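Everything on this sheet refers to the single structure shown next.
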There are 2 protein chains.
Amino acid sequence: MATIYEVSKLAGVSLATVSRVMNNNANVSDATRKKVTAAMDELGYRPNSIAQSLASNCSNSVGLLVSELQGPFYGPMMSGIENTFRNQGKHLIIAAGHSDEEREKQGIEFLISRNCDGLILHVEAVSDDYLIKLSKGRTPFVLINRYISELSDRCILLNNIKGGYLAAKHVLEQGHKDIAYISGPLWKRDAKDRLEGHKQALAEFNLEFDENLLFQGDFMEASGYEGLKSLHQQTHPFTALICANDEMAVGAMASARDLGLTLPKQLSIMGYDNVFFTRHVYPQLSTVNYPIDEMGRMAADWVLNHVYQKQTPPLQTLFEPELIVRHSISRQSAQITSQG
Amino acid sequence: MATIYEVSKLAGVSLATVSRVMNNNANVSDATRKKVTAAMDELGYRPNSIAQSLASNCSNSVGLLVSELQGPFYGPMMSGIENTFRNQGKHLIIAAGHSDEEREKQGIEFLISRNCDGLILHVEAVSDDYLIKLSKGRTPFVLINRYISELSDRCILLNNIKGGYLAAKHVLEQGHKDIAYISGPLWKRDAKDRLEGHKQALAEFNLEFDENLLFQGDFMEASGYEGLKSLHQQTHPFTALICANDEMAVGAMASARDLGLTLPKQLSIMGYDNVFFTRHVYPQLSTVNYPIDEMGRMAADWVLNHVYQKQTPPLQTLFEPELIVRHSISRQSAQITSQG
DNA sequence: ACATTAAATGTAAGCGCTTACATTTATAAC
DNA sequence: GTTATAAATGTAAGCGCTTACATTTAATGT
């Protein structure tokens, strides 16, 4: 591999000049610039990015921590982020935190030790305090889907209260009055917010939230399955089920089939997130759109702006959900009676 | 940030000694090793990985190029790879090639310019020649889902002929005789192989492959939709449809519904890949398992072995597909008649 | 006690760049 | 033709490590 030294010799200039043309420094005459680029071409020179990083104290890499590399939710987010950065010559180092405190911390440590210039974090298990302390460190970061008031300018969020509200309102407007709810883990902010929006809509329709119709899941498919099974066994009847995300909704659909319920006639089911497979399930799932790809791109812009001082479109931290109506909500007709 | 120099001063030893304890060099007495680690702790020292890379000429990073960061296929693959590498302190730089020749080349260039020690490539558009030339370069790489005879020892493959065979055989065993087929782009090796296996099974059942029942798709959902629509319009009747991947199968399912066909009674549909949403569609899709996660891990092991000289479990390049029977194939009964 | 050898530690060069500062060269003003 | 000023280029010191080689110290045999 040719080095800058060989280029400088071939071009008959100093190291510094070669470095200047590489970095588009203005103070280089056209003549020498041409000599240098010619020499580079001749030698097939490629700058050594490691050496550049060491000398300039900038690794041009940004770390991304997500819970999982797989699954319908993170894909679009990573995709938007990668795209933004590659166009800027930055690279993306990706790690997975698996929603586990220890592994999330390790992941962050790992990315920092890799000299990332900035971090994009989608973390769930790590504490607010930890993140606040982290924010005092040398590596700037932005949070996706997490709100910490002390760090509010770097939290990129969905308005989950509104989303919960939209979902419930839609179901209510279809005439449902007895609505069960499978939430996420309620210590998680997003799960709590979605439920709060849900309750707001109920209140608007002068309905009380029935705690018996609440099942706390964990955002994973299996808990949707278990959730409906459990709700179905208790005595309060319901005609619709709202799930705090699509995965649980799909689990609930499977459960409904096992219980012999016809969808959506005997039970309406609503999801949340609008992951791509919601179009593929049958009946197609009505849900709430979570513009995770846009939010990913926004996080990337945040880094470009705050870490690399690039011009970006104006930064936005709060995103709005949107109702997606498909075919999983029926107009209220029959009522499930519990079997208890 | 503390540097090795400060550690050495605090511990009262030389730079080299500090470096030695970092790298677990054997020739360090226990006493000094303790002094040094104590100093490190006291200073909160973290090695600068960029400097390490420059000095050791090893970046400890491996590049991964996939077609898309999203989608059900690549997620599990990335996940397996990330896991393997993180446990070894290597990091993963991910880029997307979008099945486009220019972008794939750019992606590879990008990863190489980032001083990756090795590459894992899932490329589709780039030519064999390009890859053969690339193999002469300084950065070793392994290919997933691509066969080039000159590079056969670094091609990690699924036995697609077998997979195509298994799918067809299962459908034939259920009594179907008129079987339509939506293939991938036939210039792609995997698409061709799957079709070849399909034909083998047909031959085994003394059936001829009917070219009228072949539609060439592009592995994407929309082409599955179009494919079935088109096949349905021609004159040859068929009772089953085999698709060369799950995405197209799902597209075909939507198409079938739009055509008013009851699944699987009036039309049996078979997929390929066993991506996770095949369980969620209705009826649940019978398919062929593609152990992409294992193959990803194997690719990671290949890199560990060939690039970092690590001990790994024995390397395997050919993986076997497996039939997954769900509910989308009926025992042969009614026949669709074409509308032509 | 002394030579012989192995183990532990230190010295210093170098990895391929960037960049502050010094120097040279061109340009303009009088 | 000087001198002042700006533009272009060069010099050399790092960035924070690794590692070949040199040196010192400890262990062993006699």
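None of these values were measured; they are calculated from a predicted model. Residue numbers start from 1 in every chain, and the chains themselves are labelled A, B, ... in the order their sequence lines are given, proteins ahead of strands.
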Give the rounded distance in Å between these two atoms: [atom1] of [X] and [atom2] of [N].
| X | N | atom1 | atom2 | result |
| --- | --- | --- | --- | --- |
| Asp30(A) | dA7(D) | CG | P | 14 Å |
| Ile50(B) | dC17(D) | CD1 | P | 11 Å |
| Arg114(B) | dG16(C) | CZ | P | 17 Å |
| Asn60(A) | dC15(D) | CG | P | 20 Å |
| Leu54(A) | dC17(D) | CG | P | 9 Å |
| Met1(A) | dC15(C) | CE | C1' | 15 Å |
| Leu15(B) | dA20(D) | CG | P | 16 Å |
| Met40(B) | dG16(D) | CE | C1' | 13 Å |

What does Ser53(A) touch in the nucleic acid at a heavy-atom separation under 4.0 angstrom: a base, only the sugar-phosphate, or nothing?
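Nothing, no heavy atom under 4.0 Å.
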Looking for any heavy atom pair under 4.0 Å, which part of the strands does Val18(B) touch: base, sugar-phosphate only, or nothing?
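Counting heavy atoms under 4.0 Å across all strands, no contact is made by Val18(B).
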Candidates [options] - which lies nearest the side chain of [X]:
| X | options | value |
| --- | --- | --- |
| Ile4(B) | dT18(C), dG10(C), dT18(D) | dT18(D) |
| Ala16(B) | dT18(D), dA7(D), dT19(D) | dT19(D) |
| Val28(B) | dG16(C), dC17(D), dT9(C) | dT9(C) |
| Asn48(B) | dG10(D), dC17(D), dT18(C) | dC17(D) |
| Ala51(A) | dG16(C), dT11(D), dG16(D) | dG16(C) |

Audit row: His98(A), Glu104(A), side-chain contact (heavy atoms from CB on, under 4.5 Å) steps and yes/no:
CA-CA 7 Å; His98(A) 302 285; Glu104(A) 286 184 355; over 6 Å; no
Check whether the side chains of [X] and [Y] place a donor and an acceptor atom closer than 3.5 Å, and report yes or no.
| X | Y | result |
| --- | --- | --- |
| Thr32(A) | Ser29(A) | yes |
| Glu68(A) | Ser79(B) | no |
| Asn145(B) | Asp190(B) | yes |

Return yes if the base of dG10(D) and the side-chain atoms of Arg20(A) contain a donor-acceptor N/O pair under 3.5 Å, otherwise no.
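Yes, the side chain and the base share a sub-3.5 Å donor-acceptor pair.
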State yes or no: are the ring centers of Tyr74(B) and His122(B) separated by less than 6.0 Å?
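Yes: the rings meet the under 6.0 Å criterion.
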Do the two ring centres, one from Phe319(B) and one from Tyr290(B), sit under 6.0 Å apart?
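When the ring centroids of Phe319(B) and Tyr290(B) are compared, they turn out to be at least 6.0 Å apart.
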Phosphate OP1/OP2 of [N] contacted by [X] side-chain N/O (<4.0 Å):
| X | N | result |
| --- | --- | --- |
| Thr17(A) | dG10(D) | yes |
| Thr3(B) | dG16(D) | no |
| Gln52(B) | dT18(D) | yes |
| Asn23(B) | dT18(D) | yes |
| Tyr5(B) | dA12(C) | no |
| Asn27(A) | dT9(D) | no |
| Ser56(B) | dT18(D) | no |
| Ser29(A) | dT9(D) | yes |
| Ser19(A) | dT18(C) | yes |

DNA chain C: Ala55(B) or Gly12(B), which has the more 5' nearest nucleotide?
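Of the two residues, Gly12(B) wins.
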Where each residue is assigned the nucleotide of DNA chain C containing its nearest heavy atom, which of Asn57(B) and Lys35(B) is assigned the position nearer the 5′ end?
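Nearest nucleotide further toward 5': that of Lys35(B).
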Considering residues, nucleotides and ligands other than Asn57(A), do more than 12 of their heavy atoms fall under 6.0 Å from its CG?
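No, not enclosed.
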